[in-house]
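Take a look at the structure set out below.
What you see below is based on every heavy atom in this structure, not just the backbone, and it leaves out hydrogens, waters and symmetry mates. Quantities reported herein were computed from a predicted structural model and do not represent experimental measurements. In each ligand, atom 1 is the first atom listed, and ligand 1 is the first ligand listed. Numbering of residues begins at 1 and proceeds along the displayed sequence.
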Amino acid sequence: MPRQLAELAIEREESRVTLHSLTSITLGVPDVEAVCGYYEEFGLTPSGSLSDGRRRFATVEGGEQLTVAHAPQRRLLEIGVGADDLDDLDRIASNLATLGGEFKRSTEELVAHDPHSEIRVSIKIAPRIVQSPAKAVPMNGPGRPDRANGRAPAIERTNKVRPRRLGHVVVGSLNQEASQEFFTRGIGFKVTDQVPSLASFMRCSTDHHNLLLQQAPLNFLHHTAWEVDDVDEVGRGASAMLEEHPERHVWGLGRHHIGSNFFWYLKDPAGNFSEYYADLDCVLDDQLWKPSVVDGARGLYNWGPPPPPSFIRPDDLAALMTGAHAPR
Ligand SMILES: [Fe+2]
């Protein structure tokens with residue numbers, strides 16, 4: 001088939017794939033114990049160990065969304081994506097076959113491997129995550145005393161911050177363009193916004209992004225992001241994590257321009273960044289969202305402290321590149 005016709009056929013198939021969530025991630029780290037302790041403190045709930053030593057953690061509403069496994073150096077081993085029915089897996093198989101991608105198909109799962117970012121993707125039939133609505137918090141504004149005669153409820157909160165669910169992962173890819181093609185044309189992700197020649201924000205749900213691919217000198221995991229109720233929970237969660245470990249601080253508090261979310265980034269013992277976030281843009285109707293191309297500093301943030309150089313280029317990148325990374 002001529003290339004143009006093949007492309008049209010792929011696009012038709014791609015548009016019919018209905019993905020609904022980023023269900024899980026598997027992190028590979030040198031020191032499983034230390035990393036597990038960190039994510040428990042971060043607010044995830046230990047939910048068991050597998051016979052091969054992998055450890056699992058649950059969020060409040062997303063179920064078991066984090067698996068921590070042993071690996072010689074830190075890396076993202078797998079992401080899980082939820083689809084509605086078996087027809088979706090058939091369509092993904094067809095798209096990947098047309099692209100020449102490798103995959104394995106069983107009755108209820110399709111496992112594919114992106115050779116460019118080296119990420120394994122497991123697509124399974126899964127129930128949609130149902131979230132209970134966060135309570136609307138009244139806020140005073142000039143000439144608008146919506147919370148008259150009372151203190152802000154947020155300052156009275158004493159409960160531990162626990163992420164509602166996994167939101168997104170950000171990875172560096174040696175070939176961002178090729179990885180983007182794998183995830184869009186192959187798996188069925190949609191591009192929400194782009195930074196030219198550098199990054200693509202893609203979604204497999206109504207979230208602004210579930211996967212951000214950025215061009216990098218090596219394939220590596222930049223950060224994982226976990227949703228909390230609001231900006232106060234972002235601040236409370238990060239403050240609690242930093243109380244006895246100020247060295248965990250990476251960047252925050254701030255607000256991104258692309259995606260609009262409040263953020264605070266921390267660092268786990270293996271060197272992976274983990275983000276508490278709130279108020280991310282969501283795309284309920286594809287027709288109403290206008291993808292944009294964002295350039296310059298806005299590609300990174302709207303307001304907040306200047307990002308440290310180690311956020312752009314994590315301190316351990318050189319070590320990861322030589323494979324000499326050691327746990328800290
Ligand atoms: Fe993020």
Is the distance between the ring centroids of Tyr276 and Tyr265 under 6.0 Å? no

For N/O/S atoms only: which one belongs to Glu275 and is nearest the Fe ion (ligand 1)?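 Of all N, O or S atoms belonging to Glu275, OE1 is the one nearest the Fe ion (ligand 1).
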
Could you check which N/O/S atom of His168 is closest to the Fe ion (ligand 1)?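 Per the distance ranking, His168 contributes NE2 as its closest N/O/S atom to the Fe ion (ligand 1).
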
Heteroatom N/O/S of His223 within less than 2.8 Å of the Fe ion (ligand 1): yes

The Fe ion (ligand 1) to His209: any N/O/S contact under 2.8 Å? no

State, yes or no, whether a side-chain contact exists between Phe311 and Pro309 at a heavy-atom distance under 4.5 Å.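 No, their side chains stay 4.5 Å or more apart.
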
Any donor-acceptor N or O pair under 3.5 Å, side chains Ser205, Asn210: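 A donor-acceptor contact under 3.5 Å links the two side chains.
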
Transitive ILVMFWY side-chain link Trp264 to Trp303, under 4.5 Å: yes

